[in-house]
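Input: a single structure, listed below in structure tokens.
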Amino acid sequence: MRPKLKEFLAEAVHGCVRKGLLPEEELPDWQLEPPKTREHGDYASNLALLLAPRLKKNPREAAQLLLSNLPPRPDLVDRMEIAGPGFINLFVSDALRREALGEMLERRASFGCSARGEGRQVEVEFVSANPTGPLTIGHGRQAVLGDAIARLLEATGHKVTREYYYNDAGRQMKLLAASTRARYLEALGKPSEFPEEGYQGEYIAEIANRIVEQQGDAWAGEDPERFKVFAEEAIFAGIRETLDRLGIIFDVYFNETSLYEDGSVQTIIDTLRSKGCTYEKDGALWFRGTDFDLDKDRVIVKSTGEPTYRLPDMAYHVNKLRRGFDMVVDIFGADHESTYRDVLAGLRALGEDTSRIRVLIHQFVTLLKDGQPVRMGKRTANFVTLDELIEEVGVDAVRFFFLQRRHDAHLDFDLDLAKKESDENPVYYVQYAYARIASVLREAEAGGVAVPSSLDECHAERLVEEDEKALIHLLVEYPELVDRAATAIEPHRVVFYLLDVARSFHGYYNRCRILSDDAETTAARLGLVQAVQSVIASGLSMLGVRAPERM
RNA sequence: GCGCCCAUAGCUCAGAUGGAUAGAGCGUUGCCCUGCGGAGGCAGAGGUCGCAGGUUCGAAUCCUGCUGGGCGCACCA
């Protein structure tokens, strides 16, 4: 609907150019959007405001001139008016609205999806937690965010690879092994030494107990490597289970170790060195970060000869770019702020094109219970895992709540609200709208009322109520919204849009009886609510939230 | 000290590349079911858009400075 109207309005400009009233130059970036209030029409444009200087007129006169250069198109607009400082307001014709409804009924759940991405390959890297413990609430936000982004990109015609990058070597894993071994010996009642910075969590003891069950005291003399392998497997299995529960499936688990094995870490060192981007100091190899917009230089190979994490991270990103992705989306928590800068600086030093990489840093999550923050952190006793959160409020609420905020804003997760099965809970509010429509459709069928399946059976001309027109206009915006959400990589926009749709529907439902006394009106309204239902179903699927037929 | 992010109603937050009278939810006050699911709806009160400048026809939005909060600034990842 909108592109058609925009094209129509652009004719006014062409008309003026033909008459020599306007120089033939590129149009400024003008807009045609739904105004805040319906009194201002179905669409409003700032075209005249922007062209006024070129027309050498005040904006209202410019608007007048533009309108006088438009052919009448009753099939598109009922009327147009000039308002405020010089906006052009359009009032859409019933015919155009009918056409829009027809498209929605035809496309159903695919309405909103597009091929805009043209099959471009996108890699989305997220979670990427090392197997040292269960996923936390923070990982949860990232998991849900990453998956929703992937879904949005898929819906807009991109080919998406969901990727998880992890490291099962190094200091952290040694600590994990030592912690597990200590707990194991403890469980056997043997003398043990718990590592100073070991993992305190309850889960380590549970893993140790499992070893006791399976092996008895047979592992008492074993070296830590054995415990590492066991603990890692157990933890990773747990992580996958958690992700599975959320409905998140990764296409690729990329192991950092492989970057050492195939020599690509060494290649990075050699290349940086040959480009003169490194120097040696205090027995370590330093990267000249300050030459690449960093605030200080960074160590890339420690004096012990071991690389720091930056090096494999750089190698990993080179690997991603080599795999031919058109876009690489990295999702990190706020605490990784500086590391991604290091990596990007490294890539620039290596001569890589970093413009294909989009980095999203999401802020932290605070759990609220009785209005008070719940303390989290692996060392505290009331450490809350993602699993526990899912258990507490359910998958739908977890996903919905995590997506209800912009990624760069802190997120307060209200546990009490998420658990409520009532109107106060936004998840239920949206799902209820869907279920309510399902119920009406069931009721219609039970009563022998024909449910229209296409525009022809709808008697759409019966949709004359303001509520109905407004609802159609809201639905019409859906594909545009999805597109913008995907381009901006901002899934939260879908959430707010769905709340808007649900609100409009509930209001309509209360004011207008869908199964009315008049067969044609009923058909028309059944057509409309089916369109509402498709859009809600589609929107919820972008978020990974269920659309229930009954609640 | 330096860098990134945030600051909008009592609370939690939207606000599309600058547009008309700044919007929701919760909370609060008052209303609405003869029939499709009240897990709903309607109405009211509630704002110096953190502060101060600047840019222009026009700023919550862009620029500069400040204030307050979060997160970083390892030869840990």
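Note on naming: letters A, B, ... go to the chains in the order of the sequence lines (proteins, then strands), and numbering restarts at 1 for each one.
The interatomic distance linking A:Asp412 (CG) with B:C26 (C1') rounds to 13 Å, in whole Å. Between the CG atom of A:Leu411 and the C1' atom of B:G25 there is a distance of 15 Å, rounded to whole Å. For the pair A:Leu50 CG and B:U56 P, the computed distance is 16 Å after rounding to whole Å. Atom OH of A:Tyr165 is separated from atom P of B:A77 by 11 Å (rounded to the nearest Å). What separates CZ of A:Arg60 from C1' of B:G19 is a distance of 15 Å, to the nearest Å. The CZ-C1' distance, from A:Arg406 to B:C5, rounds to 9 Å in whole Å. Between A:Phe87 atom CZ and B:G19 atom C1' there is a gap of 4 Å when expressed in whole angstrom units. Taking atom CZ of residue A:Arg503 and atom P of nucleotide B:A43, one finds them 12 Å apart after rounding to whole Å.
Scanning atom types as modelled, one donor and one acceptor separated by under 3.5 angstrom connect the side chain of A:Ser303 and the base of B:C75. In terms of polar N and O atoms assigned as donor or acceptor, the side chain of A:Asn46 never comes within less than 3.5 Å of the base of B:A20 in a complementary pairing.
Shown here, B:C33 is classed syn by the O4'-C1'-N9-C4 or O4'-C1'-N1-C2 angle, which is within 90° of 0.
Nucleic acid contact for A:Leu49: base, since at least one base atom lies under 4.0 Å from a heavy atom of the residue. Base contact: A:Arg484 has a heavy atom under 4.0 Å from a base atom. Within the 4.0 angstrom heavy-atom criterion, base atoms lie near A:Arg550. Residue A:Asp408 is in sugar-phosphate contact alone, with no base atom involved, counting any heavy-atom pair closer than 4.0 Å across all strands shown. Residue contacts shown for A:Gln31 include a base, since a base heavy atom lies under 4.0 Å away. Residue contacts for A:Ser439: at a heavy-atom cut-off of 4.0 Å it reaches a base atom on one of the strands shown. Within 4.0 Å of A:Arg436, counting heavy atoms only, lie sugar-phosphate atoms of the nucleic acid but no base atom. Nucleic acid contact class of A:Ala433 (heavy atoms, under 4.0 Å, all strands): none. Residue A:Asp483 is out of contact with every strand shown, counting any heavy-atom pair closer than 4.0 Å. Among the protein residues, A:Phe364 comes within range of the sugar-phosphate backbone only, with heavy atoms under 4.0 Å from sugar or phosphate atoms but none that close to a base. Across all strands shown, A:Thr37 has no heavy atoms under 4.0 Å from either base or sugar-phosphate atoms. Contact annotation for A:Ile88: no contact, since no heavy-atom pair falls under 4.0 Å across all strands. A:His506 comes within 4.0 angstrom of the backbone, heavy atoms only, and of no base.
In this structure, A:Gly539 and A:Val494 approach most closely via the heavy-atom pair O-CG1, 3.8 Å.
Under 4.0 Å is where a charged nitrogen must lie from a carboxylate oxygen, and between A:Asp297 and A:Lys281 no such pair does. Electrostatic pairing of A:Glu392 and A:Lys419 counts as a salt bridge here, judged by a charged N lying under 4.0 Å from a carboxylate O.
Residue A:Ala44 has its side chain nearest to B:A20 when only B:G70, B:C76, B:A20 are considered. Among B:A77, B:A20, B:C6, the nucleotide with an atom closest to any side-chain atom of A:Asn167 is B:A77. Each of B:G41, B:G19, B:C36 was ranked by its minimum atom distance to the side chain of A:Leu515; first place goes to B:C36. Closest to the A:Ala409 side chain, of the nucleotides B:A24, B:A14, B:A77, is B:A14. Side chain of A:Ala284, nearest nucleotide from B:A77, B:C75, B:G15: B:C75. Nearest to the side-chain atoms of A:Arg298 among the listed nucleotides B:G15, B:C76, B:C73 stands B:C73. Side chain of A:Lys296, nearest nucleotide from B:U12, B:C73, B:G15: B:C73. Between B:G72, B:A16, B:G19, one nucleotide has an atom nearer to the side chain of A:Pro34 than all others, and that is B:A16. Minimum atom distance to the side chain of A:Asn89 is reached by B:A20, of the listed B:A24, B:A20, B:A77. Comparing B:A16, B:C13, B:G38 by their closest approach to the side chain of A:Phe496 singles out B:C13.
Nucleotide B:U17 is matched to nothing when pairs are restricted to Watson-Crick or G-U wobble geometry with both distances under 3.5 angstrom. Here B:A24 sits opposite B:U12 as a Watson-Crick or G-U wobble pair (both hydrogen-bonding atom distances under 3.5 Å). Nucleotide B:G68 forms a pair with B:C6, judged by Watson-Crick or G-U wobble geometry with both contacts under 3.5 Å. Nucleotide B:G46 forms no Watson-Crick or G-U wobble pair with any nucleotide shown, as no partner meets the under 3.5 Å limit on both distances. Nucleotide B:C62: paired with B:G54 (Watson-Crick or G-U wobble, both distances less than 3.5 Å). Taking a pair to require two hydrogen-bonding distances under 3.5 Å in either a Watson-Crick or a G-U wobble arrangement, B:U34 remains unpaired. The nucleotide B:C73 finds its pairing partner in B:G1, both defining distances of the Watson-Crick or G-U wobble pair being shorter than 3.5 Å.
Remark: A:Lys302 is in phosphate contact with B:A77, judged by side-chain N or O atoms under 4.0 Å from OP1 or OP2. Using a 4.0 Å cut-off, no side-chain N or O of A:His362 falls inside it from OP1 or OP2 of B:C4. The side chain of A:Lys36 places no N or O atom within less than 4.0 Å of a non-bridging phosphate oxygen (OP1 or OP2) of B:G23. Residue A:Tyr429 places at least one side-chain N or O under 4.0 Å from the OP1 or OP2 atom of B:G41. Taking side-chain N and O atoms only, A:Arg511 has a distance below 4.0 Å to OP1 or OP2 of B:C42.
A cation-pi arrangement is present between A:Arg436 and A:Tyr509, with the terminal nitrogen or guanidinium carbon under 6.0 Å from the aromatic centre and inside a 45° cone about the axis. Cation-pi check for A:Lys296 over A:Trp286 is not met; the charged atom does not lie both under 6.0 angstrom from the ring centroid and within 45 degrees of its normal.
With 3.5 Å as the limit, one finds no donor-acceptor pair spanning the side chains of A:Asn167 and A:Tyr309.
Only the P atoms considered, B:A43 is 14 Å distant from B:C26, to the nearest whole Å. Going from the C1' atom of B:A60 to that of B:C49 covers 5 Å, rounded to whole Å. Taking the C1' atom of each, B:U8 and B:C13 are spaced 9 Å apart, rounded to whole Å. When the C1' atom is compared between B:G72 and B:U28, the two are found 41 Å apart, to the nearest whole Å. When the P atom is compared between B:C5 and B:G65, the two are found 14 Å apart, to the nearest whole Å. Spacing between B:G15 and B:G53 at atom C1', rounded to whole Å, works out to 25 Å.
Ring geometry, A:Phe413 versus A:Phe402: the interplanar angle exceeds 60°, so the pair is classed perpendicular (tilted spans 30 to 60°). Using cut-offs of 30° and 60° for the angle between ring planes, the A:Phe496 and A:His492 rings count as perpendicular. Using bins of under 30°, 30° to 60° and over 60° for the plane-to-plane angle, the ring pair A:His473/A:Tyr43 lands in the perpendicular bin. The aromatic rings of A:Phe236 and A:Tyr253 sit perpendicular, their planes meeting at an angle over 60°, well past the 30° parallel limit.
Stacking is found between A:His40 and the pyrimidine-like six-membered ring of the B:A20 base under the 5.5 Å centre-distance and 30° plane-angle cut-offs. Stacking here means ring centres nearer than 5.5 Å and ring planes tilted less than 30 degrees, and by that measure A:Tyr509 stacks onto B:C36.
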